[in-house]
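Presented below is the structure to which this report refers.
As the structure lists them, so they are numbered: ligands from 1, and atoms in each ligand from 1.
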Amino acid sequence: MRLIVLDRDGVINEDSDAFIKSPEQWVPVPGSLEAIARLNRAGWTVAVATNQSGIARGYYDHATLSAMHQKLQGLLRPLGGRVDWISTSPYLDHHNSPARKPGAGMLRAIAARYGCELTGVPFVGDTWGDVQAAQAVGMQPILVRSGKGERTLASHAEDIAALNVPVHDNLATVAEALCP
Ligand SMILES: [Mg+2]
């Protein structure tokens with residue numbers, strides 16, 4: 001089984017500093033849904049690990065989050081794609097939860113769900129916290145420029161170069177690289 005894990009906001013859908021609070025505000029990054037379908041066709045199982053502190057902040061509830069993910073799956077269906085598993089973390093930093101990235105709790109939960117090792121499994125994200133979470137469990141971090149990616153590149157240029165983190169424009173070019 002070939003597993004790939006994706007961050008959600010800024011990778012699959014457009015991010016906002018004001019949070020994505022409703023299915024209406026949940027808008028795919030151009031090409032991301034086709035990229036997921038392409039990965040699926042090439043035999044990749046796609047899982048998502050997403051911080052959703054908007055729940056702890058009271059911006060939206062679990063039902064609304066679930067509706068966003070139903071929108072995602074509904075848009076993927078006609079493309080022949082699907083996200084197989086979504087792990088969400090509703091916590092804030094001060095909760096000190098290992099399930100909040102840069103903690104790797106969600107990634108460990110995904111490994112437990114599939115009974116697989118995480119070593120070398122690609123994790124695609126747009127923030128430094130995503131890179132740190134991947135590093136913590138031996139995954140292969142991949143940074144995209146979409147979402148907060150450009151900001152991350154600017155703020156952590158040296159770290160990203162030192163770790164040799166592959167950088168892609170967006171999920172579409174990640175899929176292109178993984179599905180020759
Ligand atoms: Mg993100």
Name the atoms and distances for all side-chain donor-acceptor pairs under 3.5 Å in residues 106-116, with sequence neighbours left out.
residue, atom, partner, partner atom, Å
Tyr114, OH, Asp84, OD2, 2.6

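- One finds the CD atom of Gln135 at 7.0 Å from the CH2 atom of Trp128 (value rounded to the nearest 0.5 Å).
- Partner Lys101 forms a side chain to side chain donor-acceptor pair (under 3.5 Å) with one of Asn51, Asp7, Thr127 and no other, that one being Asp7.
- The tally of protein N/O/S atoms under 2.8 Å from the Mg ion (ligand 1) stands at 3.
- Using cut-offs of 30° and 60° on the angle between ring planes, the pair Phe19 and Tyr59 is perpendicular.
- To the nearest 0.5 angstrom, Asp126 atom CG is 13.5 Å from Ile142 atom CD1.
- Using a 3.5 Å distance cut-off with no hydrogens or angles, the side chains of Asp9 and Gln52 do pair a donor with an acceptor.
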